[in-house]
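Everything below concerns the one structure shown next.
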Number of protein chains: 2
Amino acid sequence: MSSNADTNERISEAEHAVMEVLWEKSPRTAAEVCEEVCQRRDWSIATVKTLLSRLVSKNALATEPDGRRFLYRPLLERGDYRTSESRRLVDRLFGGRAAPLVAHLAEAEALTDDDIAEIEKLLKEMKA
Amino acid sequence: MSSNADTNERISEAEHAVMEVLWEKSPRTAAEVCEEVCQRRDWSIATVKTLLSRLVSKNALATEPDGRRFLYRPLLERGDYRTSESRRLVDRLFGGRAAPLVAHLAEAEALTDDDIAEIEKLLKEMKA
DNA sequence: TTTGGCTGTTTACATTCGTAATCATTGCAA
DNA sequence: TTGCAATGATTACGAATGTAAACAGCCAAA
């Protein structure tokens, strides 16, 4: 069912990159998060600290003190985030219906044969 | 195959609302666009004019003079926009694979039975 | 011919976002 | 004990966005 911390605030793309790191493993310090993303995104530690703060004030992350620094852990769950972002897209672009999205992906050839097979299997299982 | 005006610039959500109106029917004047969205989004005509200008400078709309006003028509195609936005989401949230997105929608119960039936039919047709 | 509306253009202004630099505190090494 | 290094907090600042108001040009009605 997935939980719900009241994360009404919207999470930006840069913030999302930080969330991904913490979803993968948490809790972590700011420095540890930086180790994971700073090279890839060409960020400085300062940037990471800013993003962490913003995520804390948006209630997407919780902190626990560890000596004189913080350990950060997600409050917002990855599944919930995926759900809300997916829903936003479907609402905005496909009138709220998911089927047209899949149709579109199919037409746009964004689906490989493997994807198609996989999705069919998924749907079959769903109905069972 | 869908065409390609070089619309590199990102289109914001408010701008997208304007695009939808013009995708539905074009060309239209600023006033006509306003008729369609101003109530719904609680915008003034001034806002619509700003958005139209920004879309023109982003190469998403073309104008043709009609007397002393402009008629606006889309350059960016709806299908292309949907494709790029969908791809963005899939890349950002699902590692670039569409199947996990569908799986997620299914798990999140964002798919109705009708959706599932419809998607199955679509996929079946695709393979044919 | 004057003037009132429309039109597009220019300017405005508060928020959010991306990306940091600086500041203040504090525990640890010398 | 004292100064440095690490860490969170505060401040910064330009670009994009949402949302408009002000302005300038011009056609049509009076």
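To find a chain, count down the sequence lines: A is the first, B the second, and so on, and within it residues start at 1. Fair warning: this is a prediction, and the values are worked out from it, not measured in the lab.
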Looking at [N], I'd like to know if its phosphate oxygens (OP1 or OP2) sit under 4.0 Å from a side-chain N or O belonging to [X].
X: A:Ser53; N: D:dG8; value: no
X: B:Lys58; N: D:dT17; value: yes
X: A:Thr47; N: C:dA20; value: yes
X: B:Thr29; N: C:dT7; value: no

Legend entry - Touch class at under 4.0 angstrom, heavy-atom based, for A:Thr50 against every strand present: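 Touches a base.
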Inset, instruction - Under 4.0 Å between any heavy atoms, over every strand shown, what does B:Asp42 touch: base, sugar-phosphate, or nothing? Just pick one. - result: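 Sugar-phosphate only.
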Inset, instruction - For A:Arg41 and for A:Lys49, find the nucleotide of DNA chain C with the closest heavy atom, then tell me which residue's nucleotide is more 5'. - result: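 The residue mapped nearer the 5' terminus is A:Arg41.
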Inset, instruction - Select from A:Ser44 and B:Ala30 the residue whose nearest nucleotide in DNA chain C is closer to the 5' end of that strand. - result: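 Closer to the 5' end of DNA chain C: B:Ala30.
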Rounded to the nearest angstrom, tell me the gap between atom [atom1] in [X] and atom [atom2] in [N].
X: A:Ile11; N: C:dG18; atom1: CD1; atom2: P; value: 12 Å
X: B:Leu55; N: C:dG8; atom1: CG; atom2: C1'; value: 15 Å
X: A:Glu15; N: C:dT16; atom1: CD; atom2: P; value: 11 Å
X: B:Glu13; N: D:dG18; atom1: CD; atom2: P; value: 7 Å
X: B:Glu32; N: C:dC6; atom1: CD; atom2: C1'; value: 13 Å
X: B:Leu52; N: C:dT9; atom1: CG; atom2: P; value: 10 Å
X: B:Glu35; N: C:dC6; atom1: CD; atom2: P; value: 13 Å
X: B:Arg69; N: C:dT7; atom1: CZ; atom2: P; value: 6 Å

Ignoring the backbone of [X], work out which of [options] is nearest its side chain.
X: A:Arg68; options: D:dA20, D:dA6, D:dG18; answer: D:dA6
X: B:Ser12; options: D:dG18, D:dG8, C:dG8; answer: D:dG18
X: B:Arg10; options: D:dT17, C:dT7, D:dT7; answer: D:dT17

Inset, instruction - Output every pair passing side-chain hydrogen bond (donor to acceptor under 3.5 Å, both in side chains) with a member in residues 33-42 of chain B, not counting sequence neighbours, ordered by first then second residue. - result: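 Those involving residues 33-42 of chain B do not exist here.
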Legend entry - Donor-acceptor pair present, B:Arg54 side chain and D:dG18 base, under 3.5 Å: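 Such a pair exists between side chain and base.
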Inset, instruction - Could you tell me how the ring of A:Tyr81 sits relative to the ring of A:His16: parallel (under 30°), tilted (30 to 60°) or perpendicular (over 60°)? - result: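 Because their plane-to-plane angle is under 30°, the rings of A:Tyr81 and A:His16 count as parallel.
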Legend entry - Distance (rounded to the nearest 0.5 Å) between A:Arg28 CZ and A:Leu52 CG: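 Taking CZ in A:Arg28 and CG in A:Leu52, the distance rounds to 11.5 Å.
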Legend entry - Residues in side chain to side chain contact (heavy atoms under 4.5 Å, CB included) contact with B:Val102, at least two apart in sequence or another chain: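 Partners of B:Val102 by the side chain to side chain contact (heavy atoms under 4.5 Å, CB included) criterion, ordered by chain and then number, come out as A:Val102, A:Ile119.
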Legend entry - Check ion pair B:Arg69-B:Asp66 (N to O, under 4.0 angstrom):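 Yes.
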